[in-house]
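Input: a single structure, listed below in structure tokens.
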Amino acid sequence: MQETQRNLTHKGKIALANEAIERRPESVKNGSFRLRYHLMPPSGWMNDPNGLIQWNGEYHVFYQHDPFQPKQGPMHWGHAISTDLVHWTHLPVALAPSEPYDCGESGGYGCWSGSAVDDNGVLSLVYTGHVDGRNPVEVQCLTTSADGVHFTKHPAGPIIPGPPEEGGFGFRDPKVWKYEDVWYMVVGYGKDGLGKALLYASDDLRKWRYVGVAAESDGTMGNMWECPDLFPLGDHGRHVLIVSPMNMGAAKTLYMTGDFDYGSGRFHRRHYARLDYGFDFYAPQTMLDSRGRTILFGWMNIWGARMPEQAEGWMGAMTVPRELTLAADGTVRMLPVPELEALRGSHTAIGGLEIDADTFIPLPEIRGDTLEIIAVFDTAASDEAEFGLRIRCSEDGSEFTEIVYRKADRKLLMDRSRSGIGDGGVSEVPLSPMEDGRIKLRLFIDRSSVELFANDGRITVTNRIYPDPSSTAVRLFARQGAGVLECLDAWEMKSIWPET
Ligand code: FRU
């Protein structure tokens with residue numbers, strides 16, 4: 001860090017960050033992977049959604065941000081607002097590393113992930129101060145704002161000065177909520193190879209007492225739980241705990257449904273599953289809105305992946321906002337918020353048709369890199385076949401992303417091995433047809449992403465793809481037997497950004 005920058009106040013650091021964004025390179029503005037209707041950084045790097053809140057009638061999304069470069073560096077909090085969850089306005093950077101507990105000289109440091117609450121009209125952000133090499137590396141911090149734009153760090157320093165015991169792995173990502181006049185916080189942690197969610201309580205957001213371990217891994221759920229989020233869902237007092245476990249193989253996020261006991265501070269798990277089955281879904285966070293909806297955003301990338309948009313001077317995006325509901329069988333369903341229908345432009349409907357074995361049916365009337373598609377297949381009328389869609393197809397058919405249902409073993413797959421220049425790989429998930437024998441695939445396609453909501457939100461698969469911009473065709477296909485498409489609806493999606 002340059003000597004001149006080291007001594008800047010928080011305000012000075014924010015000013016530098018905002019100037020960097022003003023100067024953003026042309027390559028960002030013209031980037032062919034820039035998304036049309038997803039939230040992404042104006043320039044530089046984005047990871048986790050932070051501080052989701054509806055405050056004074058506006059939805060706020062903060063996010064992990066490096067405004068200076070398209071890779072992870074000293075973490076700031078970027079900030080965007082919306083009145084409809086669809087159209088977003090970027091605001092000035094909200095937080096910058098500036099204090100001994102969130103600002104270092106080199107290595108990893110910054111204002112790491114956290115959450116937002118409304119404290120009697122004061123927008124309050126609780127985040128992790130992280131400084132590599134400091135002891136402790138991670139502490140929990142508070143910053144407040146009266147106008148929702150400019151934030152002041154708590155003058156007394158960290159509100160939780162370190163983990164409750166020695167020898168843990170990580171201590172970060174506070175998610176705060178209020179219940180019966182008491183503030184509660186879950187913090188991500190790991191000890192003895194087990195990911196854990198620690199629980200704290202406070203009367204004033206400033207002095208916190210450690211309650212205990214609210215939940216922990218059963219030994220198979222990773223050794224550190226990043227970004228825990230604990231909240232009630234549905235009408236029967238059930239709770240859901242979402243975590244992003246480190247070192248759990250292919251499973252990058254988990255949800256657990258169960259009961260939370262405020263008396264003991266323990267969450268009792270009844271059921272758990274992956275929250276999303278794609279490669280690019282991590283560190284999700286939820287907020288409760290004024291209509292009582294639980295709305296989730298996830299980071300639509302994953303650590304360690306190839307990130308082709310870095311070459312354009314930016315990196316990272318949020319998923320579309322998704323509403324969570326609890327089904328009668330205790331599983332969580334996730335569907336895009338209905339507000340997104342406002343982006344639907346020209347519509348094409350295709351009636352029922354049988355796709356013969358080993359054939360492709362081109363759909364020339366549906367073309368593009370910014371589409372919503374709903375395709376309903378009748379599995380009962382289909383052979384023991386594999387059928388589905390190829391999207392983002394090149395004219396010669398060599399490039400495509402395949403979404404296929406395999407009736408024989410009831411698997412849904414998204415194959416991106418021919419999707420372009422990003423990572424390949426096949427996302428695979430067991431899926432039974434719905435009660436009526438149908439498989440319903442709802443796809444949100446943007447210029448470098450695909451989000452799949454199957455069977456009314458029972459399963460989601462989120463992936464980034466990086467095809468050539470000219471690859472815009474859509475094809476139906478069946479293999480090893482005939483498949484029956486009942487109907488297909490497609491809409492061109494409008495852009496929310498002036499430049500894409
Ligand atoms: C999750 C995470 C968090 C951390 C943040 C740092 O992606 O590793 O645990 O707070 O990113 O940017």
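Just so you know, ligand 1 is whichever comes first in the structure, and atom 1 is the first atom listed for that ligand. Everything numeric in this text was worked out from a predicted model, so none of it was measured.
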(message) Suppose we measure from atom 2 (C) of ligand 1 to each protein heavy atom; which comes out shortest, and what is that distance?
(response) Asp48 OD2, 3.3 Å
(message) Check this for me - ligand 1, Trp299, N or O atoms closer than 3.5 angstrom, yes or no?
(response) no
(message) Within ligand 1, which atoms have a heavy atom of Ser113 less than 4.0 Å away?
(response) 5 (C), 10 (O)
(request) Taking only heavy atoms of Met75 into account, list the atoms of ligand 1 that are under 4.0 Å away from them. (result) 12 (O)
(request) Work out which heavy atom in Val332 is nearest to a heavy atom in Tyr255; give both atom names and the distance. (result) N-OH, 3.1 Å
(request) Report yes if Trp112 has an N/O atom closer than 3.5 Å to an N/O atom of ligand 1; otherwise report no. (result) no
(message) Looking only at side-chain N and O atoms, does Glu165 offer a donor or acceptor that is under 3.5 Å from a partner on Tyr210?
(response) no
(request) Please check if the side chain of Trp77 supplies one atom and the backbone of Trp112 the other of a donor-acceptor pair under 3.5 Å. (result) yes
(message) Using a 3.5 Å cut-off on N or O atoms only, is Tyr282 in polar contact with ligand 1?
(response) no
(message) As a check for students: among Met224, His130, Gln64, Glu226, identify the option with a heavy atom nearest to atom 8 (O) of ligand 1.
(response) Glu226
(message) Between ligand 1 and Gln72, is the shortest N or O to N or O distance under 3.5 Å?
(response) no
(message) Among all protein heavy atoms in this structure, tell me which lies nearest to atom 9 (O) of ligand 1, with the distance rounded to 0.1 Å.
(response) Asp173 OD2, 2.6 Å
(request) Please confirm whether the backbone N or O of Leu194 pairs with a side-chain atom of Glu216, one donor and one acceptor, at under 3.5 Å? (result) no
(message) Taking the ring of Phe62 and the ring of Phe151, is the distance between their centroids below 6.0 Å?
(response) yes
(message) Side chains of Leu52 and Ile295, heavy atoms from C-beta outward: is any pair under 4.5 Å?
(response) no
(message) Taking the ring of Tyr184 and the ring of Tyr262, is the distance between their centroids below 6.0 Å?
(response) yes
(message) Using a 4.0 Å heavy-atom cut-off, which part of Asn47 comes near ligand 1: side chain, backbone, both, or neither?
(response) side chain
